[in-house]
Amino acid sequence: MPELPEVETVVRDLKPLLAQKKIGSVKILGKKLRRPWNPLWTKSLEKQTLNKIHRRGKWIILSMKSGVQLLIHLGMTGQLCVFDQQEALKSHTNLVFKLSPGNAELRFRDVRRFGSADVFDTEKELQDFFAKRKLGPEPFNLSQEYWLSSLAKSSRNLKAFLLDQQNIVGVGNIYADESLHKSRLHPSRLACSLKPYEAILLSNSIEEILNAAIKNRGSTIRNYVGGAGLMGGYQDEFKAYGRTGLPCMNCGNSIQKIVLAGRSSHFCPNCQPKKPSKR
DNA sequence: ATAGGCGCCTGCTGGC
DNA sequence: TGCCAGCAGGCGCCTA
């Protein structure tokens, strides 16, 4: 589900709600997530004081003062929200962290269970976990040198390239389509075929699209809600994603859908020609 | 090493 | 109205 803007919104929402809180009890419910919960993790987290909440790509990191790290990925349908203890548990709630002082609790709920929760005893172990996955750079203030060279080295199409978190983190199916539409690049163009001006246009577009989506608190198609339970608003701004057969906002031609990298890809055949435009 | 295909899950929608 | 195939925001494993 959630891509960088949604994850960023969850983090921003949770920040004030989790500030100065301590984790009381940890409850594990329902079926396992992508990976099963290790019972030792419960002990590692209980009585720990939260220090910082941030994200790396689409991963949410809750760091404890002791150095223990709780790492959450929302998968396709994950929701990480604070509720009052009195509020009824929604179906498919997997994890409940009581917070003290106060009557609130942090709940993780993931209908499809593609999400995950992991605990690391130290910052170093968390970094090793990320290193194994070879996460690429954040999309903001990308080094131009890095971007041009990694595009040039890749024989994949742009859609697959953008979805690969080793090249750039945080971009998923929606924002890949939106960024390609904004840069007027066909999703099946090969990464290595981009001229430098096209490559720069693409990275600028990614940044602009993601920033605009963050401003709108992300996009809600079905399940996504922020850390305080609110839906996103950027779904109303889509220019390509999900607009199959509807007129392109730039030129009026109808938006096409094809499958690339196993995912549906929406683009305007007129604005995003397969051949590079001359310049 | 790299890239492509598919499996993992559940719920909703659209077409018959 | 009812059924069911197809599809959905992501990752990770396997294979070639």
Side-chain angles (χ1 to χ4, degrees), chain A residues 1-10 29-36 55-60 71-80 90-94 108-118 129-136 139 149-181 187-193 206 209-210 213-214 216-226 231-245 257-266:
Chain A
M1 99 181 217
E3 306 179 27
L4 186 150
E6 292 74 31
V7 172
E8 177 66 26
T9 302
V10 168
L29 310 161
K31 304 182 197 168
K32 74 168 173 66
L33 295 163
R34 176 177 287 278
R35 290 177 284 281
R55 64 153 191 87
R56 170 81 174 96
K58 302 174 194 171
W59 298 87
I60 299 171
L71 178 67
I72 303 254
H73 197 293
L74 301 177
M76 293 274 257
T77 53
Q79 301 177 337
L80 188 63
K90 294 190 174 140
S91 63
H92 303 98
T93 299
N94 301 279
F108 182 55
R109 162 173 196 256
D110 184 3
V111 172
R112 282 174 73 186
R113 293 157 47 216
F114 289 171
S116 62
D118 299 275
F129 178 92
F130 284 149
K132 224 183 295 167
R133 267 144 250 258
K134 302 195 182 107
L135 291 189
S149 79
S150 54
L151 280 163
K153 275 187 285 197
S154 172
S155 60
R156 311 175 80 178
N157 62 55
L158 288 174
K159 184 60 181 279
F161 182 89
L162 292 179
L163 292 180
D164 187 342
Q165 304 296 297
Q166 297 190 15
N167 296 320
I168 183 170
V169 296
V171 178
N173 207 34
I174 292 176
Y175 300 110
D177 282 5
E178 292 299 309
S179 303
L180 288 168
H181 183 265
S188 60
R189 281 277 302 278
L190 295 187
C192 56
S193 79
I206 292 170
I209 292 279
L210 293 177
I214 291 169
N216 284 268
R217 304 181 39 81
S219 309
T220 296
I221 308 292
R222 282 198 172 84
N223 303 281
Y224 167 75
V225 291
M231 285 173 46
Y234 193 72
Q235 63 281 0
D236 300 330
E237 309 296 321
F238 292 164
K239 293 200 158 64
Y241 181 83
R243 293 182 45 81
T244 314
K257 178 162 98 167
I258 57 173
V259 174
L260 284 173
R263 322 291 305 278
S264 60
S265 301
H266 312 75

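Within every chain, numbering begins at 1; the chains are lettered A, B, ... in the order of the sequence lines, protein sequences first and strands thereafter.
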*Asks:* Please measure how far the P atom in C:dC7 lies from the corresponding atom in B:dG5, and state the result in whole Å.
*Replies:*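 About 16 Å, rounded to a whole number of Å.
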*Asks:* Looking at A:Asp177 and A:Lys159, is there a salt bridge between them, counting it only when a charged N and a carboxylate O are closer than 4.0 Å?
*Replies:*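 Result for this pair is yes, salt bridge flagged.
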*Asks:* Determine: side-chain N/O of A:Lys31 to OP1/OP2 of B:dC9, distance under 4.0 Å, yes or no.
*Replies:*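 Checking A:Lys31 against B:dC9: no side-chain N or O falls below 4.0 Å of OP1 or OP2.
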*Asks:* Between A:Tyr234 and A:Tyr175, what is the ring plane arrangement, given parallel below 30°, perpendicular above 60°, and tilted in between?
*Replies:*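 If you compare the ring of A:Tyr234 with that of A:Tyr175, the planes turn out tilted.
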*Asks:* For the side chain of A:Gln165 and the backbone of A:Leu163, is there at least one donor-acceptor N/O pair under 3.5 Å apart?
*Replies:*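 Such a contact is found between A:Gln165 side chain and A:Leu163 backbone.
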*Asks:* With distance as the sole test, does A:Glu178 use its side chain to make a donor-acceptor pair with the main-chain N or O of A:Tyr241 at under 3.5 Å?
*Replies:*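 Yes.
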*Asks:* Any chance the side chains of A:Arg112 and A:Thr77 put a donor and an acceptor closer than 3.5 Å?
*Replies:*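 Distance-only check fails for A:Arg112 and A:Thr77.
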*Asks:* List the atom of A:Glu8, the atom of A:Ile214, and the distance in Å for their closest heavy-atom pair.
*Replies:*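 For A:Glu8 versus A:Ile214, the nearest heavy atoms are CG-CD1, 4.0 Å.
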*Asks:* What's the gap between B:dA3 and C:dG9 when it is taken at their P atoms, as a whole Å value?
*Replies:*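 Straight-line distance between the two P atoms is 22 Å.
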*Asks:* Within the sub-3.5 Å range, which N or O atoms of nucleotides 3-5 of chain B have a protein N or O partner, and how far apart are they?
*Replies:*
unit_1, atom_1, unit_2, atom_2, d
B:dG4, OP2, A:Arg156, NE, 3.3

*Asks:* When the distance from CG of A:Leu33 to P of B:dT10 is rounded to whole Å, what number comes out?
*Replies:*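 In whole Å, B:dT10 P and A:Leu33 CG are 12 Å from each other.
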*Asks:* For A:Lys32, what residues pass the side-chain contact (heavy atoms from CB on, under 4.5 Å) criterion, not counting sequence neighbours?
*Replies:*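 For A:Lys32, the residues satisfying side-chain contact (heavy atoms from CB on, under 4.5 Å) (neighbours in sequence not counted) are A:Pro36.
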*Asks:* For A:Ile72 and C:dC11, what is the distance between atoms CD1 and C1' respectively, to the nearest whole Å?
*Replies:*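 It is 16 Å, rounded to the nearest whole Å.
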*Asks:* Report, one pair per line, the protein and nucleotides 11-16 of chain B atoms (nitrogen or oxygen only) whose separation is under 3.5 Å.
*Replies:*
unit_1, atom_1, unit_2, atom_2, d
B:dG11, OP1, A:His92, NE2, 3.1

*Asks:* Give the nucleotide from the list B:dC9, C:dA8, C:dG10 with an atom nearest to the side chain of A:Ser264.
*Replies:*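 Nearest to the side chain of A:Ser264 among the choices is C:dA8.
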*Asks:* Just by distance, do the side chain of A:Gln235 and the backbone of A:Ile221 share a donor-acceptor pair under 3.5 Å?
*Replies:*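 Answer holds: no.
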*Asks:* Provide, to the nearest angstrom, the distance between the NZ atom belonging to A:Lys134 and the P atom belonging to C:dC11.
*Replies:*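 Going from A:Lys134 (NZ) to C:dC11 (P), I get 16 Å.
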*Asks:* I'd like a table of atom pairs between the protein and nucleotides 12-16 of chain C - only N or O on both sides, under 3.5 Å - with the distance next to each one.
*Replies:*
unit_1, atom_1, unit_2, atom_2, d
C:dG12, OP1, A:Arg133, NH1, 2.3

*Asks:* Would you mind reading off the distance between A:His266 atom NE2 and C:dG9 atom C1', rounded to a whole angstrom?
*Replies:*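 Distance, rounded to whole Å: 12 Å.
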*Asks:* A:Tyr224 side chain to A:Gly218 main-chain N or O, any donor-acceptor pair under 3.5 Å?
*Replies:*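 Side chain of A:Tyr224 to backbone of A:Gly218: no pair is present.
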*Asks:* Please report the distance separating the P of B:dC9 from the corresponding atom of C:dC4, rounded so that it comes out in whole Å.
*Replies:*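 B:dC9 and C:dC4 have their P atoms separated by 23 Å.
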*Asks:* In chain order, what residues pass the side-chain contact (heavy atoms from CB on, under 4.5 Å) check against A:Ser264, with sequence neighbours excluded?
*Replies:*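 side-chain contact (heavy atoms from CB on, under 4.5 Å) check on A:Ser264 returns A:Asn173, A:Lys257, A:His266.
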*Asks:* Return no unless some side-chain N or O of A:Gln165 is found under 4.0 Å from OP1 or OP2 of C:dG10.
*Replies:*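 False: A:Gln165 side-chain N/O out of range (4.0 Å or more) of C:dG10 OP1/OP2.
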*Asks:* Say we look at C:dT1 and B:dG11: how far apart would their P atoms be, to the nearest angstrom?
*Replies:*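 23 Å, rounded to whole Å.
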*Asks:* Atom CZ of A:Phe114 and atom P of B:dC9: how far apart are they, to the nearest Å?
*Replies:*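 Taking CZ of A:Phe114 and P of B:dC9, I get 8 Å after rounding.
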*Asks:* In which ranges does DNA chain C form stems of 3 or more consecutive Watson-Crick or G-U pairs, distances under 3.5 Å?
*Replies:*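 DNA chain C forms these stems: B:2-8 with C:10-16, B:10-16 with C:2-8.
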*Asks:* Please determine if a side-chain N or O atom of A:Tyr175 lies less than 4.0 Å away from the OP1 or OP2 oxygen of C:dG9.
*Replies:*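 Checking A:Tyr175 against C:dG9: no side-chain N or O falls below 4.0 Å of OP1 or OP2.
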*Asks:* In whole Å, I'd like the distance from the CD atom of A:Gln235 to the C1' atom of C:dA8.
*Replies:*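 The distance from CD of A:Gln235 to C1' of C:dA8 comes to 15 Å, rounded to the nearest Å.
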*Asks:* Starting at OH of A:Tyr224 and ending at C1' of B:dT10, how long is that distance when rounded to a whole Å?
*Replies:*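 Spelled out: OH on A:Tyr224 to C1' on B:dT10 is 21 Å.
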*Asks:* Are A:Pro139 and A:Leu4 side-chain neighbours, meaning at least one heavy-atom pair lies under 4.5 Å?
*Replies:*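 Side chain of A:Pro139 against side chain of A:Leu4, heavy atoms only: contact under 4.5 Å found.
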*Asks:* Please answer whether the main-chain N or O of A:Leu151 pairs with a side-chain N or O of A:Ser154 as donor and acceptor at a distance below 3.5 Å.
*Replies:*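 Pair absent, no side-chain N/O of A:Ser154 close to backbone of A:Leu151.
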*Asks:* Return yes if some donor-acceptor pair links the side-chain N/O of A:Lys153 with the main-chain N/O of A:Cys192 below 3.5 Å, else return no.
*Replies:*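 It does not hold such a pair.
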*Asks:* Please check: side-chain N/O of A:Glu3 versus main-chain N/O of A:Lys58, any donor-acceptor pairing under 3.5 Å?
*Replies:*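 Not confirmed, A:Glu3 side chain does not pair with A:Lys58 backbone.
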*Asks:* Given atom CG of A:Asn167 and atom P of C:dC11, what is their separation to the nearest angstrom?
*Replies:*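 Answer to the nearest Å: 13 Å.
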*Asks:* Measure the shortest side-chain to side-chain distance between A:Leu180 and A:Leu162 over non-hydrogen atoms and say whether it is less than 4.5 angstrom.
*Replies:*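 The answer is yes; the side chains approach within 4.5 Å.
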